[in-house]
Amino acid sequence: MRMDNKRKINESLIAFHGVSKTFDKPGEGRYEVVRDLYLNVQENEFLVLFGPGQCGKSTILNMIAGFEAPSGGELLCQGRPVEGPGPERGMVFQNTALFPWLTVMGNVEYGPKVRGVKKEERRKQAQHYIDLVGLQGFENSYPVKLSGGMQQRVGIARAYCSEPLVMLLDEPFGHLDAQTRYLMQDELTRIWQVEKRTVIFVTNNIEEAVYLADRILVLRNCPTGVKAEYQITLPRPRNYTDPEFLRLRREIDAVVDHTL
Amino acid sequence: MNGTKRRVAYGMLGIFIFLCIWHAAATLTNLGRIMPDPVTVFVRFFMAFIEPIGTKTMLFHILTSLRRMLIPYTLGGLAGVFMGVLMGWYRICDAAFMPYIQMLRPIPPIAWIPLSIVWFGFAEGSKYFLIFLACFFTIALTTCDGVHSVDETLVRAARMLGARDRQLFTTIVLPTTVPYIFSGLQVALGSAWATIVAAEMIRSSEGVGWLIVSGQDVGNMTQIMVGIVAIALTGLLITSMMRGVEARLCAWTIRGK
């Protein structure tokens, strides 16, 4: 059993091995956000981390991205410890975090550009991902000129353009209106099916979780850890009103800790 | 009629009404004894381009003052940006220099005149010094604010995409700071130009400030007003030019507004 567990960790793309995270807030003392987390992410799976607001989901993502270091335990990416951010782990931010002084093209080609890819090559690459997210014709627009949904498409193209091993999406559609949100969920599914990547998607929206995921991990309130795990085998594209969809939705929702 | 045209039209109308009131007050009432009417002032102003005041024509006065302002303004701008970036980027520089800047900034340039004469003499040096002071502090502070305003998520995004420290500075910190630098340059341009009168109170024989000072010496009211008009119109011209440059360089913030 122990051996088996060890092997599984080595084979996973991302592995949390007893990871904990505490913050020292001046004047407020220690604050434990993640406790003893075990988690394996397989290649090309669409994993959704689902949990109540402020439960530490984003902290888990920030640790994978390398923005924050674990306080304890081991966090491995392809068997090596994560040390700082890098292009093999691409993040799509909740507030888009687009560079407002760059055009759509400028944003998408930023990654290859700072890594020294030649102009011709990176333009071709960026154009491919701009087309993929459906933004052809907007290459020279500035982000402020785009709608929220379009801005997040740029964010997705920008992360994709570094050809990461894993895409980290931190409630990327949280600020969008309901209609745009449905549309973007469809789009993300389509993009993911065209260009398979490992995706870790954080959300507090149960419908979104069931619609997108191969696997859902329900997270506990702070200090967080995995409370329940669901494999979602419904065929894509999924239907929000399908009886099986609704049943899963009810079942998972019942597990979530709704207390504040 | 679109918004911009309407704005300009209302602005022109306002100026016209003001000039009418001024003219009426100067010609129809006793106020004429202490104030020349606008027609006289503007005729003298435009005549001065052909007919010298003192030994020089108006264009020469304006260009002399512009040169006197632009040299120290450029130096003050460069030094201010450098200082601002240092203070914004390195906490220790902020701690070390900020108290001086906060102490020295409120002192009006005119207060430095006696010292600047002792230090730099009556020639151009002391004038440059005053104008340098008028712009340096403002630009340093706004630049520093700009560097501080860098969005932490953008830094994260850049690092995630593979940017190294030097690239973070050129691709994230600098673009964030440019609009701040420009607002500093804009304010500083105004104060530098306003300080020209003070600077030319130190011995000079030409320049728009000199027009006022020498007008006062000989009791020539029209010449004082001509000097004021020259400062006002040139000020308007250079700040508009500055806005034009800003609009080109900071297209993304201007469009965002």
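Bear in mind the structure is a predicted one, so any value in this text is a computation, not a measurement. The basis for the numbers below is simple: all heavy atoms, side chains too, and nothing from hydrogens, waters or symmetry mates. Residue numbering restarts at 1 for every chain, and letters A, B, ... go by the order of the sequence lines.
Among all heavy-atom pairs drawn from A:Ala97 and B:Ala157, the shortest one is O-CB, 4.1 Å. Contact between A:Pro85 and B:Arg159 at its shortest, heavy atoms only, is CD-NH2, 3.4 Å. Between A:Pro87 and B:Gly162 the shortest heavy-atom distance is CD-CA, 4.3 Å.
Using a 4.5 Å heavy-atom threshold, the side chains of B:Met160 and A:Phe93 count as touching. Considering only heavy atoms from C-beta on, B:Ile172 comes within 4.5 Å of A:Trp101 through its side chain. At least one side-chain heavy atom of B:Arg156 sits less than 4.5 Å from a side-chain heavy atom of A:Asn62.
Atom NZ of A:Lys124 is surrounded by 12 or fewer heavy atoms from other residues, nucleotides or ligands within 6.0 Å. Atom CZ of B:Phe49 has more than 12 heavy atoms from other residues, nucleotides or ligands within 6.0 Å. The local environment of CE in B:Met242 is crowded, with over 12 non-hydrogen atoms from other residues, nucleotides or ligands closer than 6.0 Å. Crowding of B:Arg67 atom CZ: a count of heavy atoms from other residues, nucleotides or ligands under 6.0 Å exceeding 12. Within 6.0 Å of CG in B:Leu13 there are more than 12 heavy atoms belonging to other residues, nucleotides or ligands. For B:Met103, the CE atom counts as densely surrounded, since its 6.0 Å shell holds more than 12 non-hydrogen atoms of other residues, nucleotides or ligands.
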Intermediate values then yes/no, side-chain contact (heavy atoms from CB on, under 4.5 Å), B:Leu161 and A:Arg158: CA-CA 9 Å; B:Leu161 292 163; A:Arg158 182 177 69 176; 3.6 Å; yes
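Interatomic distance, B:Thr153 OG1 to A:Leu98 CG, rounded to the nearest 0.5 Å: 10.5 Å.
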